[in-house]
Amino acid sequence: MSTFAPAPADSTAATAEPKFVGTPRKVTAHQTQNEALSFEKSAPGKRGYKLAPLDVPAVDPKTLLGEAARTEPALLPELSEIEIIRHFTRMSTWNYAIDLGMYPLGSCTMKYNPRVNEFVSRIEGIAEAHPYQPESLSQGALSILKDLEGCLLEITGMDAITLQPAAGAHGEFTGILLVRAYHQSKGNPRRTVIIPDSAHGTNPATAAVCGYDVVNLKSNADGGVDLEALRALVDEDTAALMLTNPSTIGVFENEIAAVAEILHAKGALLYMDGANMNALVGKTRPGDFGVDVMHLNLHKTFSTPHGGGGPGSGPVACKAILEPFLPTPVVQTDGAGIHHLVYDRPQSVGRVRMFYGNFGMFVRALAYILANGPDGLRQTTEDAVLNANYIRAKLEDLYDLPYKTPSMHEVVFSDRRQTRNGIKTGDIAKRLIDYGFHPYTTSFPLIVPGALMIEPTESESREELDLFVDAMRQIAREAEENPAVILAAPHSTRISRLDETGAARKPILRWKGPPASTPLTPDDSPAREW
Ligand SMILES: *Cc1c(COP(=O)(O)O)cnc(C)c1O
């Protein structure tokens, strides 16, 4: 019996029936193969290399290492070169990637990373630069830092910046440390940080880690800040408001200037979570609308690799009042145009990252910014917003749209209509995999029960967006006519529904083999648990 309903005519989705009965060891209905662990594939004596015969006297390891010398060889997999190559190549095909198709994971801005960024970051003098090189030999690297800082200050409208933080949440941490140091310098670090219920989950976590009590602020019916509620909350104990803008429902905070005024009147600061700058770059600048400190996610807005693809980078930009507290070192340029790393900054919060941050990401982000230029970046923003609104317009007759406020870079639906047939957002997301797309973000933000959070980014063409819309419309039809097919999805993957609770609570993080002295054969390898 086919569990796979017919695909829309112009969809690229697979339509094949599962072709295999039972559970063959190697072949699955999925185009990629099963793959054992390298330890399980190991056989004694296999080698992936050949060495020339020893032409110097052999030395007993004990002479060199004493007690530390091994008495038995380490239990490492023994494989031939082609087996290793195939092992990793096969596993690489199990993954979904932005290079494979659309990745509409809301809040994550999974845009395409242009190859020119990779090319530039691999230029020898850049890739091989050592962080301990003296300043005089690092002027090129330092000017990359300086140029990127300049671009990001122009884009954000802020006065000063640190590139050190290694991710968005790390940037939040650094930003709130600046806030704390600022208030402390006035004699009192204050006690609370106000956070709207539409904020990203990292915001309250950051405030708590920095020693603040979190005060929750309810959103108004449009998904924005309720100014009256804010006025009632802000007092001399308020250190800052952390505002995600555009918020996690993809809504721009229209009252942002008024929000800033309310805070500033009580000496509190406005922190903006700028991870969603993909909707603002080239259109408006946080520095111009009252923000005191913010972070950016280079790995979102500025197209550096993301998630498993590379380290993140979360620069923090601030107004001049916070500049004395920035992490050290800062890059300063003297009258002769020579860049210096300056450590002597008595009010600094100290280092938040070794060396200068994830330098390779700075190179990629700068390449991206310069390749696009101001007009290109503005176009990027407009395309990102247009794409999200295109999806909204094409799906809002079938999916519930809880906030009618204009969408920015992402659109958030709810599963309210589909739940009538027992279908939840997670089920729709899993079915989407069968149609060849990475799922959108499910069940977040929390202010929308059963959320479907979709962020296409500017990377997608009209053709790809239409395929996505087709898939989503088809799934909405299936929810009415054949909910069972959705509840059992995905049908086209190697593994279908995982035990998500088990995976989170009892993860199996390492392979436990037999004792080192037991020879490994494929037959006595322990049962694999996935
Ligand atoms: C992604 C994101 C973060 C966290 O960034 P990381 O780099 O994952 O730490 C914070 N806030 C918002 C709004 C985000 O989208």
Side-chain angles (χ1 to χ4, degrees), residues 98 103-111 113 152 156 162-177 193 195-210 214 219 223-225 240-253 256 270-281 286 291 293-317 352-353 357-358 360-362 364-365 381 384-385 388 407-412 438 440-448 451 453-457:
I98 188 68
Y103 214 127
L105 203 55
S107 200
C108 294
T109 313
M110 301 301 287
K111 60 165 77 178
N113 307 146
L152 297 179
T156 56
T162 174
L163 302 177
Q164 244 179 57
H170 196 200
E172 292 173 33
F173 172 71
T174 307
I176 295 299
L177 285 187
V193 168
I195 302 187
D197 53 10
S198 61
H200 194 266
T202 48
N203 296 180
T206 296
V209 166
C210 292
V214 174
S219 299
V225 169
L241 167 77
M242 289 184 87
L243 189 74
T244 303
N245 190 25
S247 71
T248 52
I249 39 180
V251 169
F252 183 78
E253 181 51 65
I256 186 81
L270 175 56
Y271 183 98
M272 190 181 107
D273 180 329
N276 294 336
M277 274 298 280
N278 215 42
L280 306 187
V281 174
V291 171
V293 50
M294 64 179 293
H295 77 268
L296 295 159
N297 280 33
L298 298 190
H299 48 290
K300 291 180 181 169
T301 316
F302 298 99
S303 88
T304 72
H306 209 155
S313 181
V316 172
V352 296
R353 182 81 169 74
N358 285 328
M361 297 303 113
F362 307 153
R364 290 169 173 86
T381 303
V385 173
S407 293
M408 299 294 286
H409 60 304
E410 61 196 0
V411 53
V412 179
H438 192 281
Y440 49 77
T441 295
T442 57
S443 312
F444 180 82
L446 300 177
I447 50 168
V448 174
M453 188 197 214
I454 301 171
E455 181 181 10
T457 84

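For ligands, and for the atoms within them, numbers begin at 1 and follow the listed sequence. As the structure is a computational prediction, the values presented were derived from the model and not from experiment. Note that the numbering runs from 1 along the sequence shown for the chain.
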Give me the nearest non-hydrogen protein atom to atom 5 (O) of ligand 1 as residue plus atom name, then the distance to 0.1 Å. Asn297 ND2, 3.1 Å
For atom 6 (P) of ligand 1, the protein heavy atom that lies nearest, with its residue and separation: Gly168 N, 3.4 Å
For Met361 and Leu298, the nearest pair of non-hydrogen atoms, with its separation, is O-CD1, 4.3 Å
Below a 4.0 angstrom heavy-atom separation, can you tell me which part of Ala169, side chain or backbone, both or neither, approaches ligand 1? both
Approximate separation, where rounding is to 0.5 Å, of Glu410 CD and Glu455 CD: 5.0 Å
Close N or O approach (Ser107, ligand 1; < 3.5 Å): yes
Any idea which atoms of ligand 1 are less than 4.0 Å away from a heavy-atom of Ala275? 2 (C), 11 (N), 12 (C), 13 (C), 14 (C), 15 (O)
Atom 14 (C) of ligand 1 sits nearest the protein heavy atom Lys300 NZ, 2.8 Å
Can you tell me how far apart CG (Leu296) and CG (Asn276) are? Round to the nearest 0.5 Å. 11.0 Å
Answer whether the closest heavy-atom distance between the side chains of Arg364 and Pro305 falls below 4.5 Å. yes
List the closest protein heavy-atom neighbour of atom 11 (N) of ligand 1: residue, atom name, distance to the nearest 0.1 Å. Asp273 OD2, 2.5 Å
Side chain, backbone, both or neither: which applies to Asn276 and ligand 1 if a contact is any heavy-atom pair less than 4.0 Å apart? side chain
State the OH-CD1 distance between Tyr103 and Ile98, to the nearest 0.5 angstrom. 8.0 Å
Interfacing atoms of ligand 1 (cut-off 4.0 Å, heavy-atom, Ala167): 7 (O), 9 (O)
For Glu172, take its heavy atoms, then give the atoms of ligand 1 lying under 4.0 Å from any of them. 10 (C), 11 (N)
What atoms of ligand 1 come closer than 4.0 angstrom to any heavy atom of Thr244? 13 (C)
State whether a side-chain donor-acceptor pair under 3.5 Å links Thr301 with Asn278. no
Within 4.0 Å of some non-hydrogen atom of Thr202, the atoms of ligand 1 are 10 (C), 11 (N)
Are a donor atom and an acceptor atom from the side chains of Glu253 and Ser247 found within less than 3.5 Å of each other? no
Classify the side-chain pair Asn203/Thr244 by whether it contains a donor and acceptor separated by less than 3.5 Å. yes
Backbone, side chain, both or neither: what part of His170 comes under 4.0 angstrom of ligand 1, heavy atoms only? neither
Measure the spacing between SG of Cys108 and CZ of Phe444 and express it to the nearest 0.5 Å. 9.0 Å
